[in-house]
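The next block holds one structure in the form of structure tokens; read it before the comments.
Throughout, a chain's letter reflects where its sequence line sits, starting with A, and its residues are numbered from 1.
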Amino acid sequence: MATDTNTLQAIISHAKEYGFIFPSSEIYDGLQAVYDYGQMGSELKKNIKDAWWKSMTQLQDNIVGIDAAIFMHPTTWKASGHVDNFNDPMIDNKDSKKRYRVDHLIEGHAEQLKADGKEKESEDLLAAMDALIAKDDFAGLKDLIDSNKIKCAISGTCNWTDIRQFNLMFSTEFGSTASSDDADNKIYLRPETAQGIFVNFLNVQKTGRMKIPFGIAQIGKAFRNEIVARQFIFRMREFEQMEMQFFIRPGTQDEWYEFWKAERLKWHLSLGLPAEKYRYHDHVKLAHYAKAACDIEFEFPIGFKELEGIHSRGDFDLSQHQEYSKKKQQYFDNDVDPATGKPYGNYIPYVIETSIGLDRMFLAVMSNAYMEQDLSTAEKQDSRVVLKFPAKLAPIKMAVLPLTKKDGLPEIAAGIINSCKSSFRCFYEEKDSIGKRYRRMDALGTPFCVTVDHQTKEDNTVTIRYRDSMEQERIPIDKLKEVVLQAIE
RNA sequence: GCGGAAGUAGCUCACCCGGUAGAGCGACAGCUUCCCAAGCUGUAGGUAGCGAGUUCGAGUCUCGUCUUCCGCUCCA
């Protein structure tokens, strides 16, 4: 029996062997926690994206999409809280190997001083710390720790490393010439796509004449330095999010929060993923922007892990942007409030966010689809690896296989492909025995294999073989497109 | 970041006490094949992660370095 870890290992190997996912820059020994999607993976990923986009925009009456730039004005990240909340200086004790956030370490010591009745010293210490943190003076902070003889609670020693900063966000140079002041040119790669939606809230609302409640959806890359970058594409430095911010009237947040919680789970189940692999996980400890938050967790080979988050963000983001930009982020609501008989008037909308990691969704689909099957009979040992993707998501929808590569069979197969390839992705293969070709298609997750044989020449019928059951039936060539299209609808 | 393990062909691995690299699968080109992998022939593919040391000689021993995996730690 394979352990969970082995299963993830098997999926990683399979993903590489069949062109789904390659480690980034592999010929240079790779780049930690960065991966490339290959010829099969990019198709699967695109199909997941399309399914999400369609369900969140086209099938909704009041949600539109945008595609905001990855680069954003630096003040965006001050407003969002990313600059202050996720740039914590850290320090390690060399003896206990324990890592601390510097502010936590000093605050702990200050509390101790206070408990010992040395209130003045405690306050001085905190004031000194705040001043140094504000200046990013790490050497000064280190001196502060040393001069106060702050000890590690575990080792009891003062044997500290230098202070290092944990940078959540990647920064880069903006503009083609160096400035005399580097800070002027520093710009971040967005750590989440949500802010691209918030800063465009009024643009979309006004130009699209959107009425609350309405949503803005976006798919795009985001970048984060991870402290522990492992677990394959579950945690990557460059990743892709599919987010939707739903703008609502204050006071209605609870019902909309529940609505989107339910609605998003429905989407997952509509793709044919099993309900027992899903569960909700409500957050007890909330992030700085959240009023309520839950995760939709999926049972990956590494256990139940966050796949999607539903957050009730209140008016935090728009209020912050209003404050930092000095531009009103308000909506005028003409609807009549039954309680007062007057319009609701001007307000900053509340927001419910749904945010799913595209790469995590990819891994969820992949790990759910991956199966090693034992097909042995009394006479013969046999097995296959099959990816049971929902047909809608499969990279290749239909393979067309001439039983032999002569007698005009390849020509008939080519004709079938030509008539179908504008509707869905087809694949042609004439090499090797038919059984081998079926198994290769199983390994890629192709739901339908069509085989052209000699009978085809007589009556224009082919066999269609179903991936999951491995059963086949004979149908007319001109029914093929319909069968496949129906399955991927 | 710490501890442990491992890096040889696309993949899985072999090479016993150091003597200038091999198998299976896979790939490719043919042959065969009328429906579920492992039939036949042939071909390609490796300066053994990288660097240094010991040695007449290093995939094999030593050190360093990089990468990966496992555990711990950290984490929005």
Side-chain angles (χ1 to χ4, degrees), chain A residues 3-6 8-10 12-14 16-19 22-33 80-82 84-88 90-101 104 154 161-162 164 166-169 191-192 194 222 224-232 235 283 285-290 293 295 302 306 309 311 355 373-377 380-386 399 401-407 409 430-443 449-458 462-467 469-474:
Chain A
T3 66
D4 288 350
T5 316
N6 285 344
L8 182 63
Q9 279 314 311
I12 293 170
S13 300
H14 191 86
K16 187 183 165 197
E17 187 171 356
Y18 288 92
F22 308 121
S24 160
S25 322
E26 201 185 4
I27 62 169
Y28 296 109
D29 289 329
L31 189 61
Q32 202 180 39
S80 71
H82 285 83
D84 291 333
N85 284 295
F86 303 113
N87 283 320
D88 306 315
M90 320 269 254
I91 192 165
D92 294 0
N93 184 272
K94 288 179 188 168
D95 300 310
S96 66
K97 311 297 184 193
K98 176 84 180 150
R99 173 173 293 173
Y100 295 88
R101 271 174 57 172
H104 288 178
I154 294 172
T161 62
D162 283 341
R164 280 169 295 194
F166 167 60
N167 292 310
L168 172 92
M169 293 191 285
E192 63 174 24
R224 294 181 195 182
N225 269 310
E226 300 287 354
I227 288 182
V228 173
R230 275 191 207 170
Q231 296 173 318
F232 196 40
R235 197 159 266 204
H283 287 206
K285 210 178 120 193
L286 296 171
H288 64 275
Y289 52 76
D295 295 337
I302 48 178
E306 178 187 356
H311 293 174
S355 172
Q373 292 184 324
D374 185 358
L375 303 172
S376 298
T377 58
K380 189 181 167 201
Q381 261 209 333
D382 196 5
S383 67
R384 70 165 178 166
V385 173
V386 57
L401 318 168
L403 199 52
T404 67
K405 53 182 148 181
K406 53 188 180 190
D407 302 331
L409 269 38
E430 62 179 30
K431 198 177 150 46
D432 292 315
S433 74
I434 191 70
K436 212 167 191 171
R437 281 179 273 168
Y438 285 155
R439 297 304 169 85
R440 267 204 289 262
M441 286 301 110
D442 289 342
C449 286
V450 168
T451 304
V452 177
D453 58 19
H454 284 77
Q455 191 183 327
T456 308
K457 292 200 286 188
E458 278 148 36
V462 288
T463 59
I464 182 163
R465 180 258 195 193
Y466 303 104
R467 177 195 63 203
S469 65
M470 299 173 71
E471 280 165 4
Q472 47 193 159
E473 56 185 315
R474 184 162 279 277

(Q) When you compare the side chain of A:Phe232 with that of A:Gln9, does any pair of heavy atoms fall below 4.5 Å? (A) no
Q.
Run the salt bridge (Lys or Arg N to Asp or Glu O under 4.0 Å) test on A:Arg439 and A:Asp432 for me, step by step, so that the C-alpha distance in whole Å, both residues' side-chain angles and the decisive distance to 0.1 Å come before the verdict.
A. CA-CA 11 Å; A:Arg439 297 304 169 85; A:Asp432 292 315; over 6 Å; no
Q: Starting from the C-alpha separation in whole Å, work towards a yes-or-no answer on side-chain contact (heavy atoms from CB on, under 4.5 Å) for A:Gln373 and A:Val385.
A: CA-CA 6 Å; A:Gln373 292 184 324; A:Val385 173; over 6 Å; no
Q. Looking only at heavy atoms, what is the nearest atom pair of A:His454 and A:Thr404, with distance?
A. CE1-OG1, 4.3 Å
Q: Pick the C1' atom in B:U47 and in B:U8, then give their distance to the nearest Å.
A: 12 Å
Q) Can you tell if the side chain of A:Leu401 reaches within under 4.5 Å of the side chain of A:Cys449, non-hydrogen atoms only? A) yes
Q: Using only side-chain N and O atoms of A:Arg437, determine if any of them is under 4.0 Å from OP1 or OP2 of B:U33.
A: no
Hey, what are the protein-to-nucleotides 35-40 of chain B N/O distances that come in under 3.5 Å?
residue: B:C35; atom: O2'; partner: A:Gln472; partner atom: OE1; Å: 3.3
residue: B:C35; atom: O2; partner: A:Tyr438; partner atom: OH; Å: 2.5
residue: B:C35; atom: O2; partner: A:Gln472; partner atom: OE1; Å: 3.1
residue: B:C35; atom: O2; partner: A:Gln472; partner atom: NE2; Å: 2.7
residue: B:C35; atom: N3; partner: A:Thr463; partner atom: OG1; Å: 3.0
residue: B:C35; atom: N4; partner: A:Asp453; partner atom: OD2; Å: 2.8
residue: B:C35; atom: N4; partner: A:Thr463; partner atom: OG1; Å: 3.3
residue: B:C36; atom: O2'; partner: A:Arg439; partner atom: NH2; Å: 2.6
residue: B:C36; atom: O2; partner: A:Arg439; partner atom: NE; Å: 3.4
residue: B:C36; atom: O2; partner: A:Arg465; partner atom: NH2; Å: 3.0
residue: B:C36; atom: N3; partner: A:Arg465; partner atom: NE; Å: 2.9
residue: B:C36; atom: N3; partner: A:Arg465; partner atom: NH2; Å: 3.2
residue: B:C36; atom: N4; partner: A:Arg465; partner atom: NE; Å: 3.3
residue: B:C36; atom: N4; partner: A:Met470; partner atom: O; Å: 2.1
residue: B:A37; atom: OP2; partner: A:Lys380; partner atom: NZ; Å: 2.4
residue: B:A37; atom: N7; partner: A:Asp382; partner atom: OD1; Å: 2.3
residue: B:A37; atom: N6; partner: A:Gln381; partner atom: O; Å: 3.1
residue: B:A37; atom: N6; partner: A:Ser383; partner atom: N; Å: 3.4
residue: B:A38; atom: N6; partner: A:Gln381; partner atom: O; Å: 2.2

Q: Enter syn or anti for the glycosidic conformation of B:C34, syn applying to angles within 90° of 0.
A: anti
Q. In whole angstrom, what separates A:Leu409's CG from B:U33's P?
A. 14 Å
Q) Is there a side-chain contact (heavy atoms from CB on, under 4.5 Å) between A:Arg384 and A:Tyr438 once you walk through the steps? A) CA-CA 10 Å; A:Arg384 70 165 178 166; A:Tyr438 285 155; over 6 Å; no
Q: Answer yes or no: is there an ion pair linking A:Glu306 with A:Arg235, defined by an N-O contact shorter than 4.0 Å?
A: no
Q) What is the distance from CD of A:Glu430 to P of B:U33, rounded to the nearest Å? A) 16 Å
**Q.** Given A:Leu409, A:Ile464, A:Thr456, A:Leu403, the one that forms side-chain contact (heavy atoms from CB on, under 4.5 Å) with A:Thr451
**A.** A:Leu403
Q: Take A:Lys406 and A:Glu430, measure what salt bridge (Lys or Arg N to Asp or Glu O under 4.0 Å) needs, and give me the verdict at the end.
A: CA-CA 10 Å; A:Lys406 53 188 180 190; A:Glu430 62 179 30; over 6 Å; no
Q. Do the charged groups of A:Arg465 and A:Asp442 touch, with an N to O distance under 4.0 Å?
A. yes
Q: Would you kindly give the NZ-to-P distance between A:Lys405 and B:C31, to the nearest whole Å?
A: 6 Å
**Q.** P gap between B:A44 and B:A29, integer Å
**A.** 15 Å
Q: Dump the intermediate steps for side-chain contact (heavy atoms from CB on, under 4.5 Å) on A:Val450 and A:Thr463, then the final yes or no.
A: CA-CA 6 Å; A:Val450 168; A:Thr463 59; over 6 Å; no
**Q.** Gap in Å between the two C1' atoms, one belonging to B:G49 and one to B:C16, rounded
**A.** 25 Å
(Q) Please convert RNA chain B into dot-bracket. A pair counts if it is Watson-Crick or G-U wobble with both distances under 3.5 Å; crossing pairs go in [ ] and bases paired with another strand get |. (A) (((((((..((((.....[..)))).(((((.......))))).....(((((..]....))))))))))))....
Q.
In whole Å, I'd like the distance from the NZ atom of A:Lys431 to the P atom of B:G26.
A. 10 Å
(Q) Do A:Val462 and A:Asp453 make a side-chain contact, defined as non-hydrogen atoms from C-beta onward lying under 4.5 Å apart? (A) no
Q: Take the protein atom CZ of A:Arg440 and the nucleotide atom P of B:C25, then report the distance between them rounded to whole Å.
A: 15 Å
Q.
Side chain of A:His454 only, heavy atoms from C-beta on: which candidate in B:U33, B:C75, B:C34 is closest?
A. B:C34
Q. Between B:G3 and B:G22, how far is it from one C1' atom to the other, in whole Å?
A. 35 Å
Q) Between B:G51 and B:C13, how far is it from one P atom to the other, in whole Å? A) 25 Å
Q. Which whole-number value in Å describes the distance from A:Phe232 CZ to B:C69 P?
A. 10 Å
Q: Take A:Lys436 and A:Lys431, measure what side-chain contact (heavy atoms from CB on, under 4.5 Å) needs, and give me the verdict at the end.
A: CA-CA 9 Å; A:Lys436 212 167 191 171; A:Lys431 198 177 150 46; over 6 Å; no
(Q) What's the closest nucleotide to the side chain of A:Thr404 if the choices are B:C34, B:C28, B:A27? (A) B:C34
Q.
Would you measure the distance from the C1' atom in B:G19 across to the matching atom in B:A58 and give it in whole Å?
A. 10 Å
Q: In whole angstrom, give me the gap between the P atoms of B:C61 and B:A6.
A: 11 Å
Q: Quickly work out the A:Lys406 NZ to B:U32 C1' distance and round it to whole Å.
A: 8 Å
Q) Over how many whole Å does the gap from A:His14 atom NE2 to B:U12 atom C1' extend? A) 16 Å
Q: Please state the C1' separation for the pair B:A23 and B:A9 - nearest whole angstrom.
A: 11 Å
Q: Starting at the 5' end of nucleotides 44-49 of chain B, put B wherever the base has a protein heavy atom under 4.0 Å, S where only the sugar-phosphate does, and a dash everywhere else.
A: ------
